[in-house]
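Here the structure is a predicted model, which is why all the values come from computation and not from measurement.
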Amino acid sequence: MKKIALIAALAVVTACSQAADEMEAVEETVEAAGPVALDGEPSTGTYRIVTAEGTEITQEVRADGTYTNTVGEESETGTWEQKSPEVFCSKSDDEEEMGCSTESLTEDGVWQSVDDDGAVSTVERVAEEATAE
């Protein structure tokens with residue numbers, strides 16, 4: 001009877017250990033995936049942003065925490081953080097403080113971004129083209 005109790009206890013400890021290992025693996029996977037944008041996809045990628053004034057910006061958001069905004073021939077670089085799917089913060093290399101935008105979907109499904117000054121822009125993720133191998 002003592003052997004059965006010992007085997008049962010060992011089985012419970014092993015099962016708990018496996019469950020803890022699996023939970024840790026899930027947490028590492030979520031952490032490795034990085035922050036998530038409003039569309040549920042990873043924050044990294046390329047976006048088309050149109051400001052309230054009609055200026056079109058191509059924004060490349062990279063996994064190393066940097067971004068590049070391009071308007072025509074001009075470009076700006078800086079750093080970014082995705083505090084939540086609804087809050088995107090960035091700071092150009094020329095600025096001293098990070099500014100944050102609140103992002104939401106309109107009733108029509110349009111992705112809007114409202115900056116600290118209240119300016120509204122629309123955001124669209126640009127689909128990555130598959131490369132031929």
Side-chain angles (χ1 to χ4, degrees):
M1 187 65 138
K2 289 182 185 178
K3 287 182 183 180
I4 293 174
L6 182 60
I7 291 171
L10 184 57
V12 168
V13 169
T14 301
C16 288
S17 176
Q18 288 174 343
D21 289 346
E22 288 173 10
M23 180 60 95
E24 186 175 314
V26 168
E27 289 172 359
E28 287 174 2
T29 301
V30 168
E31 187 174 304
V36 176
L38 186 65
D39 62 359
E41 297 292 322
S43 297
T44 56
T46 303
Y47 299 87
R48 181 177 163 267
I49 301 168
V50 179
T51 67
E53 296 82 24
T55 303
E56 188 172 317
I57 302 166
T58 300
Q59 182 177 65
E60 181 185 350
V61 177
R62 293 181 287 280
D64 67 358
T66 63
Y67 73 86
T68 300
N69 285 345
T70 305
V71 178
E73 300 289 320
E74 303 284 321
S75 65
E76 164 193 275
T77 58
T79 57
W80 67 274
E81 290 180 26
Q82 184 85 47
K83 296 186 177 212
S84 74
E86 296 83 18
V87 179
F88 182 84
C89 301
S90 62
K91 179 183 89 59
S92 77
D93 292 339
D94 298 333
E95 296 173 326
E96 293 193 24
E97 292 186 29
M98 190 165 278
C100 295
S101 296
T102 303
E103 302 189 342
S104 62
L105 292 176
T106 66
E107 290 180 9
D108 299 340
V110 176
W111 184 344
Q112 286 190 332
S113 181
V114 181
D115 69 16
D116 291 333
D117 296 327
V120 179
S121 299
T122 60
V123 179
E124 178 183 347
R125 184 182 293 269
V126 177
E128 301 292 325
E129 293 185 27
T131 57
E133 291 185 30

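- Going from atom OG of S101 over to atom CD of Q112 covers 12.0 Å, rounded to the nearest 0.5 Å.
- A donor-acceptor contact closer than 3.5 angstrom is absent between the side chains of T55 and E53.
- Under the salt bridge (charged side-chain N to carboxylate O under 4.0 Å, His left out) criterion, E95 pairs with no residue at all, not counting sequence neighbours.
- Nearest heavy-atom pair across E86 and L38 is CG-CD1, 4.3 Å.
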Checklist entry - Run the side-chain contact (heavy atoms from CB on, under 4.5 Å) check on V123 and F88 step by step: do they pass? => result CA-CA 12 Å; V123 179; F88 182 84; over 6 Å; no
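- Residues K91 and M98 approach most closely at CB-CA, 3.8 Å, considering heavy atoms.
- Here E103 contributes atom CD and S84 contributes atom OG; the two are 9.0 Å apart, rounded to the nearest 0.5 Å.
- Expressed to the nearest 0.5 Å, how far CD of E81 lies from OG1 of T79 amounts to 7.5 Å.
- Rounding to the nearest 0.5 Å gives a distance of 12.5 Å between OH of Y67 and CD of E60.
- The heavy-atom pair separating V87 from C100 by the smallest distance is CG1-CB, 4.1 Å.
- Considering OG of S90 and CD of Q82, their distance stands at 10.5 Å, rounded to 0.5 Å.
- A distance-only check finds no donor-acceptor pair linking the side chain of D108 to the backbone of V110 [under 3.5 Å].
- Looking at every heavy atom in both residues, S121 comes nearest to I49 through CB-CG2, 3.8 Å.
- The CD atom of Q59 lies 11.0 Å from the CZ atom of R125; values are rounded to the nearest 0.5 Å.
- For residues 93-113, the pairs satisfying ring pair (Phe, Tyr, Trp, His ring centres under 6.0 Å) are Y47-W111, with sequence neighbours left out.
- Although no hydrogens or angles enter the test, the distance criterion places no donor-acceptor pair under 3.5 Å between the side chain of W80 and the main chain of T44.
- D64 and T66 form a side-chain donor-acceptor contact under 3.5 Å, judged by distance and modelled atom types alone.
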